[in-house]
Every structure is written in C-alpha cells, then in structure tokens.
Amino acid sequence: DTQVGPIINAIRAAGGDVVVSLAAGGTKLGQTCGTPQATAAAEQAIITKYSLKALDFDLEEPEYENATAINNELGAAQILQANNPGLYESITIPGTTSGTGYFGQQLLNNAKALGYTPNNYAIMPFDGGFSGASSQISALQSFNTLLMNTFGWNSATAYAHEGISSMNGRTDSAEYFYQADFQTVLSFAESNKLARFTFW
C-alpha cells in the first residue's frame with residue numbers, strides 16, 4: 001500500500017494518531033494463518049510498517065464462529081501485547097440485546113483460558129433489533145454483567161475494560177441513531193468510565 005502511510009504521517013504531524021482496525025470483510029488472518037504465532041507475525045508486519053500504538057481486532061462472522069480462528073487471533077493479540085509494550089488493543093465483537101451472543105461468550109471464555117486481557121472488549125450494538133440510545137445502553141449494561149461473571153471483575157473494573165463501537169445514522173438493517181442518541185450514550189460512557197467510545 002502506498003496511500004495509507006502518507007495519510008497517517010499527516011495526521012501525526014497535526015498532533016493526532018490512528019488506530020488500525022483488522023476489520024470485517026474478506027478472509028481474515030486468523031482463518032488463514034495456522035497458529036497464533038503465524039497470525040501474530042502477519043499482524044506484527046502491519047504494526048511495524050505504520051509504527052502503530054493501537055490495534056483493533058474486529059472479530060466478526062465468519063471468523064467469529066470459527067473457534068480455531070478466534071484462538072489464533074486472541075493468541076496473536078497476546079503475543080503482540082507482550083512484544084510491543086504499550087500497544088493498545090481492542091477486541092471488537094458483535095453486540096446483541098443481551099450484550100453479546102453465544103460466540104461472543106465463547107470468545108470471552110477463550111481469552112480467560114489464555115490468561116489474556118486486552119485494553120477493552122467493545123460490542124457493536126446495532127444491526128440486531130436495536131432502536132435508539134436506551135437499547136444500546138441496556139446492551140452495554142448486560143455486557144458489563146457478562147464481563148463480571150466471566151472474569152470475576154466488579155462492575156467498575158468491567159466498565160474500565162468495556163467499549164462501544166456504534167454506527168451513526170441509518171444502519172445496515174434500517175435502525176436509526178441520531179446525534180441525540182450518541183450524546184446520551186456518550187454521557188453513559190463517561191459516567192461509567194467506559195474504556196472506548198467509537199463508531200463506524
């Protein structure tokens with residue numbers, strides 16, 4: 001790639017920085033790399049090329065439903081965390097009205113078994129029967145409970161490892177989230193000290 005580098009450099013020159021998201025679409029590295037180590041090596045090349053300080057692992061279908069692929073991604077994230085001190089890691093997964101679904105809980109259990117803790121787990125509460133800020137806040141509260149139950153955290157610690165990745169305006173499934181909805185969710189995130197507030 002010859003286009004992204006200059007854009008990143010311009011953002012940094014202006015005092016900002018970037019988070020690269022290994023996002024949905026196409027075949028993901030966790031599916032094609034045979035081990036966590038191989039997955040980490042591929043992702044390390046991205047970190048090194050762009051001198052990244054933050055990486056988002058956007059784990060969605062079909063990779064999300066493949067236990068081996070998810071183990072490769074989480075294992076790789078753990079390796080990258082150890083090899084790149086200070087690297088900020090987000091794990092972004094689909095959200096449901098219950099917080100997250102079966103495969104999301106399976107992912108959390110896998111992370112627990114590995115002894116891996118990212119900077120945050122962010123859910124995407126849209127495209128699943130959501131409507132407005134109240135539905136998103138309810139999902140974040142439910143996800144907070146799932147984090148507490150899985151990792152033995154109290155509510156404040158769970159919120160400190162929780163994030164939201166939303167979608168503005170009209171979603172893929174014709175849900176609508178307006179500026180007022182974003183402000184309401186932002187106020188909730190700030191008052192509960194969520195780790196991450198972002199949107200596609």
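Values reported hereafter were calculated over all heavy atoms of this structure, with side chains retained and with hydrogens, waters and symmetry mates removed.
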So, for [X] and [Y], which heavy atoms are closest and what is the spacing to 0.1 Å?
X: Ser135; Y: Gly132; answer: OG-O, 2.8 Å
X: Ser165; Y: Ala122; answer: N-CB, 4.5 Å
X: Pro118; Y: Tyr116; answer: CB-OH, 3.2 Å
X: Ala111; Y: Leu74; answer: N-CD1, 3.8 Å

Is Ile8 linked to Leu55 within one hydrophobic cluster, defined over Ile, Leu, Val, Met, Phe, Trp and Tyr using a side-chain heavy-atom separation of less than 4.5 Å? yes

Out of curiosity, does Ile46 fall in the hydrophobic cluster containing Val19 (side-chain heavy atoms, cut-off under 4.5 Å, transitive links)? no

If you measure only the distance, is there a donor-acceptor pair under 3.5 Å linking the side chains of [X] and [Y]?
X: Thr48; Y: Gln44; value: yes
X: Trp200; Y: Ser166; value: no
X: Thr39; Y: Glu73; value: no

Donor-acceptor contact below 3.5 Å, side chain [X] vs main chain [Y]:
X: Asn192; Y: Leu194; answer: no
X: Gln136; Y: Pro125; answer: yes
X: Ser142; Y: Ser138; answer: yes

Under 4.5 Å between any side-chain heavy atoms of [X] and [Y], yes or no?
X: Glu60; Y: Thr92; answer: no
X: Met167; Y: Phe177; answer: no
X: Gln78; Y: Pro36; answer: no
X: Tyr159; Y: Gln141; answer: yes
X: Leu114; Y: Asn71; answer: yes
X: Phe143; Y: Thr100; answer: yes

Straight-line distance of [X] [atom1] to [Y] [atom2], nearest 0.5 Å:
X: Ile91; Y: Leu107; atom1: CD1; atom2: CG; answer: 7.0 Å
X: Arg12; Y: Tyr50; atom1: CZ; atom2: OH; answer: 10.5 Å
X: Asn66; Y: Leu59; atom1: CG; atom2: CG; answer: 11.5 Å
X: Ile164; Y: Leu140; atom1: CD1; atom2: CG; answer: 4.5 Å

Check side chain to side chain contact (heavy atoms under 4.5 Å, CB included) between [X] and all other residues, then give those that pass, not counting sequence neighbours.
X: Ser98; answer: Thr96
X: Ala158; answer: Asn144, Leu147, Met148, Trp153
X: Phe103; answer: Tyr64, Glu65, Gln106
X: Ala42; answer: Leu29, Cys33

Taking only residues two or more places apart in sequence or in another chain, which ones pass ring pair (Phe, Tyr, Trp, His ring centres under 6.0 Å) with Phe182?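 Ring pair (Phe, Tyr, Trp, His ring centres under 6.0 Å) check on Phe182 returns Phe199.
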
With Phe130, which residues qualify under ring pair (Phe, Tyr, Trp, His ring centres under 6.0 Å), at least two apart?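 Result, ring pair (Phe, Tyr, Trp, His ring centres under 6.0 Å) vs Phe130: none returned.
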
Using the side-chain contact (heavy atoms from CB on, under 4.5 Å) rule, take Asp58 and Met124 through it: C-alpha gap first, then chi angles, then the decisive distance, then the call. CA-CA 10 Å; Asp58 178 27; Met124 296 179 283; 3.5 Å; yes

Under the salt bridge (Lys or Arg N to Asp or Glu O under 4.0 Å) test, which residues partner Glu63, sequence neighbours left out? Lys28

With Lys53 via salt bridge (Lys or Arg N to Asp or Glu O under 4.0 Å) - residues at least two apart: Asp17

Pairs meeting criterion salt bridge (charged side-chain N to carboxylate O under 4.0 Å, His left out) with involvement of residues 174-200, two or more places apart: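 Salt bridge (charged side-chain N to carboxylate O under 4.0 Å, His left out) check on residues 174-200 returns Asp56-Arg196.
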
For residues 118-130, which residue pairs pass the side-chain hydrogen bond (donor to acceptor under 3.5 Å, both in side chains) check, not counting sequence neighbours?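 Sorted pair list: Tyr88-Asn120, Ser90-Asn120, Asp127-Thr171, Asp127-Ser173.
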
Quick one: hydrophobic cluster around Tyr176, which other residues, with the 4.5 Å side-chain cut-off, linked directly or via members? Tyr178

With Gln105, which residues qualify under side chain to side chain donor-acceptor pair (under 3.5 Å), at least two apart? Asn109, Thr150

